[in-house]
Amino acid sequence: MWRPRIYRWAAVSACIAVACLSGCYGIIDGPSREASATQQVRIDGFPRLSHAQWELTVGDLFGLDSTAGLARSFASDPLGGKAFDNDYAVLDVGSSLFADYQLAAESLAEQVTSEPALLARLLPPTLPSDPEARRRAFLETFGQRALRRPLLKAEVDARLLLFAQGAALYSELDPFLAGVRVSVAAFLQSPHFIYRVEAVGHSASGEPEPLDGWQIASRLSYAIWNSMPDQELFRAAAAGELMTPQGVHTQVERMLEAPRTRVAVGRFFDQLYQANQYEHLSKSPTLYPAFVPQLGTEMRTELTKFVQNIYDESGGLRQLLTSTTSFVTPGLASIYGLAPSALATSDAEGFSRVQLDPGQRAGLLTLSGFLAWKATDSQPNTIQRGVFIMRRIICQALGSPPPTAQGASLGGQPTDRQRIDALTGPGTCGAGCHGQYINPAGFAFEHFGALGEYRTSDAGNPVDSAAALPFESGSIAYHDAGELSRALADSPQAHACFAGYLLEYLAGREVVASDAPLVAKLAQTSLGGASTRQLLATVLESEALRQPLATKEQP
Amino acid sequence: MNRRRFLWGAGGACVALPFLEALRPASAGASDAVLPFAIFVRQGNGVQQATVDGEPERFWPSFAPGPMTRETLAADAGRAVSELADHAADLTFVRGIRFNDPVNACKHSGGGNQVLTAARASADDCNATLALGESLDSRIAALGGPGGEPLTLYAGIKTGYLDEVLSYRGPRQLRAAERSPFAAYQGLFGLSKLPPAELSSLLQRRKSVNDLVRGELQQLLAGRELSKADRDRLDLHFSSIRDLENGMACSMSDAEITNLQTGSSALDDDDTIENIVKLHCDVIALAVACGSKRAATLQIGCGPDQTRYHVDGVKQASFHEISHRGGVAGAVDLHHQIDRKLLQLYKYLLDKLAEHRLPEGTLLNRGVTVYLNDLGNKFHDYENVPYLVAGSAGGFLRTGNYLDVGGVANNKILNTLGAAVGCTNAAGAALDDFGDPTLEKGLLDAMLVHRM
């Protein structure tokens, strides 16, 4: 089962303590090293837009044909070990990012007030002739979209004062245009734009009040599209439709059909499986003379196309772990042993749909990107492959190797498996975590070399990829990566892990104890064959996405 | 439009100045603004030093702890620290520092949590652990100097696994680091070459918007029952609003700015990391010379630095792999060579600071410039973690010394460094209680000119 991080940490401590004695599984209950929480309920109500969200939001807000690209140079966020870039806990505004926002706002304000077509998109269809009414109409219309809710009268009044200063601040511009420019710059620097403000009050009983329709609209939109609500979502919010489960259901169904939902699905998997790392591969020119860094980029795109195809075909985690349908360029085809000349018609990005050899591969863990990333220049990195499966596929907490194991060198044994076994296998101090868990998971991929190519021998010896992994339901033996992947697809642990990560991404926060029922439900339905689309709908329509996030604090 | 380009465009024509000329503060008497500063340069993955399983000592001096000179250090050519021989008179090597909190699932994360905080680490999962205290650069920046926030820089690829590790605003508040030297420069000095009238207009426009934003933030801070995390978040945002950038009197020459901009265009490339480090050093040197910042950190590589450095002209395996020795031929020697390479980059910064003269001596000796590591050795343990200190902080610290303090928790060296640049405890005395409050208080007397 998925466990909130505090419980997973407990497992970590156990692993450290017993690394040389036993294994890594098992939950050890015990006190946290930090002070335990108390009872005062506070509301966490200021999720900051991630840089990707900021970029997409300004693109939608101004109707830009392509995103502005400004966020690429923003001070990057320290993820501090978080899996996803939208994790609320680590997103704040320091002086560097404040300066970035300021410059970007000024730049965009200048751009959209310099191009008539862009300016027209900011203004209401009919502008009153009275100057005061014109200003107010602009502020109310644009402000509602920028702040993702109607402005309060006091907010409009305050912005009218700034608007009026525009003529003096931009004396070279028409006064109305000057007011628009300074106002746009101010909207983009407003905390109500930078944060998805969800501050709510408390009821008489002390419970947090529910989110309103506008806040729910933003929750849904940022969860799945990573951007601001569209016009229909705003309409539904204004009509009060998002305050009912049926209203939310209607919108979720519509949103999941939108083409950009596929993009969001790709983004989730890209981050979950750290595919950005494929961009930094390097391989031995002696062993892999055809390798060029561009292949890493193609591997990353392959993963995106792979998961999007499964989404399109109503597949779920089971298919992700077992499908042999992928998308390759001529360069990738060579890795898979496919003749580039035999590839079918390619798409606009130069990728062709192919069937990989089911005798060799099954699912995303046998795609070239993962295998090449978890490898050195010339050898598979069996331990790292195993660690990745523990951490990102079945959410098994792992500790550090004991001090006496770290820094130890691989020996001179002929095969990779022999070297790994000699260093960390049975009879060594690594027998606990490595011998029982990490190494068996990694050994399943012994058939794949440092670029992800299939191999039958290692240094002249037949490859041995057979092993057994102790799942919670008991030890499962397998002969190769395909069998391990299918075992994972049948494993409640993998589905619970996947469910937890999916909720973490969509909610933009760490999974907490109160999420346990939802995660259990997701895991169960995923194990039963639910598609990723169904899981998305379940999360998006859940209470977790419609309730404020309550935190208990010391009074 | 790229915002860096936007600002550079806004900067207009620049007057070329040689580096040292540019370093010189523009206004008369401005050198008084150079308050004692602290710079921290971080290497990851431990250093190649002697270990219990018999790896040879190739980092620390071969001579016994005590005074050292350029000659004695240069003669110790087999040791990595000999790379710093030119600055021997201004150096203090501190051996025998340890991190106090051993209970971390992931050593890289836990080491990063502690190296500049001496705080305990949180109980999160493995690489998600965070420091439960502020880092020393934050404490120094908060002394009331002109910068407020420390300068926080990063060189190398971000892996998404464990990136920034060094600088904390407070418990769990890991600070984002700027990767681009050009962006860092622009943030500090980007407006310095605007014509006065243009600058005045820009600042007036910004002030008008800032006033509105401040008002909104104040309303949010006042009107709701905020969680502590949200209050901290909004407070930080509020305090980050600047009406006027500091240090605007200083600037680099056109050629240097172009060099910064060009060099900053390839941040995701292992082949450029050494150049990026140098460019960051240029910005740091300018920032402290102009009194714009009193504290700076430069993190080289991600938590488990995975940079593939060039050694002897050959691009090597990931430094992290080398540091673990696993499967990399000649890993011990490669680790040593990478130690040397990174110390050469540290020396580049020391050279910059030593070139710049102040009335009372060099800029280097106005503050402290510390080379540190968030791990000890190939075991990635927390014992004998290197802290190499340059500069006397205006005569506060003894220099020209190699010390072995024999296993002291790192809070004491952080106390010493903090006190050297003016930090105090709650009673107004020299800082002696930084970090985990359960640790023994005090300074490292052997580092001090006058014992406390």
Side-chain angles (χ1 to χ4, degrees), chain A residues 5 8-9 12 16 32-34 42-46 69-70 73 75-82 92-100 102-104 107 158 162 165 169 182 185-186 189-192 199 202 274 276-277 280 282 376-377 379 397-400 403 406-410 551 553, chain B residues 1-4 6-7 105-107 109 122-128 130 149 157-160 162-164 174-176 178-179 183 187 204-206 208-209 212-213 215-217 220 224-230 233-234 236-237 240-242 308 315 317 321 324-327 378-381:
Chain A
R5 287 187 189 272
R8 287 192 283 151
W9 179 83
V12 171
I16 296 168
S32 162
R33 294 195 301 139
E34 296 175 67
R42 300 285 192 183
I43 308 304
D44 290 319
F46 294 88
L70 292 160
S73 56
S76 56
D77 293 308
L79 294 184
K82 305 290 186 185
D92 53 28
V93 181
S95 55
S96 181
L97 185 56
F98 173 81
D100 290 336
Q102 187 178 56
L103 283 169
S107 174
L162 179 68
Q165 294 176 41
L169 296 170
V182 72
Q189 294 175 70
S190 168
H192 296 278
H202 290 77
Q274 299 173 276
N276 63 327
Q277 295 305 300
H280 307 299
S282 177
T376 68
D377 276 14
Q379 290 289 327
L398 297 172
S400 269
Q406 299 201 43
S409 299
L410 289 172
T551 302
E553 288 185 346
Chain B
M1 182 194 303
N2 183 293
R3 69 115 178 169
R4 316 299 191 200
F6 167 75
L7 240 192
C106 291
K107 291 294 185 182
S109 178
S122 68
D124 293 287
D125 234 12
C126 195
N127 59 309
L130 294 167
E149 282 267 290
I157 294 172
K158 280 192 159 187
T159 65
L162 182 63
D163 293 324
E164 291 100 330
L174 184 58
R175 181 179 277 109
E178 178 59 73
R179 296 174 65 206
Q204 187 54 48
R205 291 196 291 269
R206 288 184 172 178
S208 297
V209 173
L212 183 73
V213 172
E216 291 181 327
L217 281 165
L220 290 169
R224 301 286 180 181
E225 285 191 47
L226 300 173
S227 67
K228 181 179 183 307
D230 278 341
R233 182 172 284 111
L234 295 179
L236 172 66
H237 190 159
S240 297
I241 300 174
R242 295 272 192 276
R308 297 163 55 87
K315 192 170 187 176
E321 287 180 43
H324 277 291
R325 311 289 185 261
K378 71 167 186 173
F379 292 136
H380 288 23
D381 64 17

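Just so it is clear: chains get the letters A, B, ... in the order the sequence lines come, proteins before strands, and each one is counted from 1. Predicted, not measured: the structure shown is a model, and the values here were computed from it.
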### Message
Which atoms of D377(A) are under 4.5 Å from chain B, going by heavy atoms: the side chain, the backbone, both sets, or neither?
### Response
side chain
### Query
If you count heavy-atom pairs under 4.5 Å with chain A, which of L130(B), D163(B), L217(B), L162(B) comes out on top?
L217(B)
#### Entry: Pairs of heavy atoms under 4.5 Å with chain B: top-ranked of Q165(A), H192(A), Q379(A)
H192(A)
### Task
Sort out for me which of L97(A), V93(A), D92(A), D77(A) touches chain B most, counting heavy-atom pairs under 4.5 Å.
V93(A)
#### Entry: side chain to side chain contact (heavy atoms under 4.5 Å, CB included) between E164(B) and R175(B), worked out
CA-CA 8 Å; E164(B) 291 100 330; R175(B) 181 179 277 109; over 6 Å; no
### Query
Under the salt bridge (charged side-chain N to carboxylate O under 4.0 Å, His left out) test, which residues partner R205(B), sequence neighbours left out?
none
### Message
Need one label for L174(B): side chain, backbone, both or neither, based on atoms under 4.5 Å from any heavy atom in chain A.
### Response
both
### Message
Does either side chain, that of K315(B) or that of S282(A), offer a donor lying less than 3.5 Å from an acceptor on the other one?
### Response
no
## Note on the structure
For V209(B) and A186(A) the tightest heavy-atom approach is CG1-CA, 3.7 Å
### Query
Relative to chain A, which segment of I157(B) carries a heavy atom at a distance below 4.5 Å: side chain, backbone, both, or neither?
side chain
### Query
Should D100(A) and S73(A) be marked as a side chain to side chain contact (heavy atoms under 4.5 Å, CB included) after you check the CA-CA gap, both sets of side-chain angles, and the distance that decides it?
CA-CA 8 Å; D100(A) 290 336; S73(A) 56; 6.0 Å; no
